[in-house]
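Lettering of chains follows the sequences in order, A, B, ..., and the numbering in each one begins at 1.
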Amino acid sequence: MTTTTDSRADALREAVVAWFDDAARDLPWRHPDRTPWGVLVSETMLQQTPVVRVEPVWRTWLERWPTPADLAAAPTADVLRAWGRLGYPRRALRLQECARVIVREHGGEVPDDEAALRALPGVGEYTAAAVRAFAFGRRAVVVDTNVRRVLARAVAGEALPRPTPTAAERALAAGLVPSSDGDAARWAAASMELGALVCTARAPDCAACPVRDLCAWRAAGHPPDAHAARRRTQPWHGTDRQVRGRVMALLRDASGPVERERLLLVADDAAQVGRCLASLVEDGLAETPPDEPDLFALPGGDTSGGGAGTD
DNA sequence: AAAGCGGGGTG
DNA sequence: CACCCAGCTTT
């Protein structure tokens, strides 16, 4: 991949980075004393969860489990409770498994190369690139939802990127990444921040945008979203996801196993709840104590010999 | 390529 | 109430 070197690309990169120097949020995972592990934890928590909700959980999490070895050794029930309401609790499971792989295969240190990062549970293309850039200051093509939107507007002249990324889109993003490690890492953080703070999805603040005079979307008169018809808003009310979430909330708040009968009350459709309980067990998010098929608890959280778990 | 997977803040 | 959020995994 070659870096685009035309003057317009240069102007875009320089304007965004200069803006970032002044406008960057003071986020804890950007502090000088952060560790690669802290960055990996933040990136995992930030997968589909907004910054404001992640920040307090990240602080207590890193205080409690400052290294991969600490998280690897923790009871999974404690991990799921600490994850709280961040959503997608399978991420917490994968993060703990990730910690165990790091301990087992990487001497307890977060790896810094692309292939090793991608091999970690829960680490995909974006997270691997983000860890390389933000934890190690290395060059990486970091393309998240913010960067996709910024490039869709500023370069492609569209209101929003298409629902699923294309090869052309990633090539465009790759071509804009500066060649040096330091510049590339700064560009990654800056382009993401611009999308998060100024070039937002709902109400972009074009008047405050450092690249407003370079923006193809603005130059075209802010045409509407060309891909709107192909977007599907995911249902929520009455779905398995909602029911699973309610079950998990109950299990988190209980100090011990919970009776199936009580869990069935989270929704009108008992069959649906039963299906969700089975899927949660299948996913490793819940388990039934030995010879107790009508009790459910968070995994590895068995504290006593079986008495009724009272809050 | 598309579906499944949480939860809550916001216009 | 629809939409969105520093995505990943599986089909």
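The residue A/Arg94 sits close only to the backbone: its heavy atoms come under 4.0 Å of sugar-phosphate atoms, none of a base. The residue A/Arg149 sits close only to the backbone: its heavy atoms come under 4.0 Å of sugar-phosphate atoms, none of a base. No engagement by A/Val54 is indicated, since no non-hydrogen atom pair under 4.0 Å with the nucleic acid exists. Residue-level contact check: A/Trp83 touches neither bases nor backbone, having no heavy atom under 4.0 Å from any strand.
If you take CD of A/Gln96 and P of C/dC8, they are 20 Å apart, rounded to a whole angstrom. For the pair A/Asp240 CG and B/dA3 P, the interatomic distance rounds to 16 Å; values are reported in whole Å.
Only the P atoms considered, B/dG6 is 14 Å distant from C/dT10, to the nearest whole Å. Distance check on atom C1': B/dA3 versus C/dA6 gives 22 Å, rounded to whole Å.
When all heavy atoms of A/Ala116 and A/His106 are compared, the closest pair comes out as CB-CE1, 3.8 Å.
No single ILVMFWY cluster, assembled from side-chain heavy atoms under 4.5 Å apart, contains both A/Leu251 and A/Tyr88.
When only modelled atom types and interatomic distance are considered, A/Arg139 and A/Ser180 share no side-chain donor-acceptor pair under 3.5 Å.
Look at A/Ser42 and you won't find any side-chain N or O under 4.0 angstrom from OP1 or OP2 of C/dA6. In this model, the phosphate group of C/dG7 is not approached by any side-chain N or O of A/Gln47 to a distance below 4.0 Å at OP1 or OP2.
Annotation for A/Glu105: atom CD counts as buried by contact number, over 12 foreign heavy atoms lying within 6.0 Å.
A donor-acceptor contact under 3.5 Å is formed by the side chain of A/Arg202 with the base of C/dC3.
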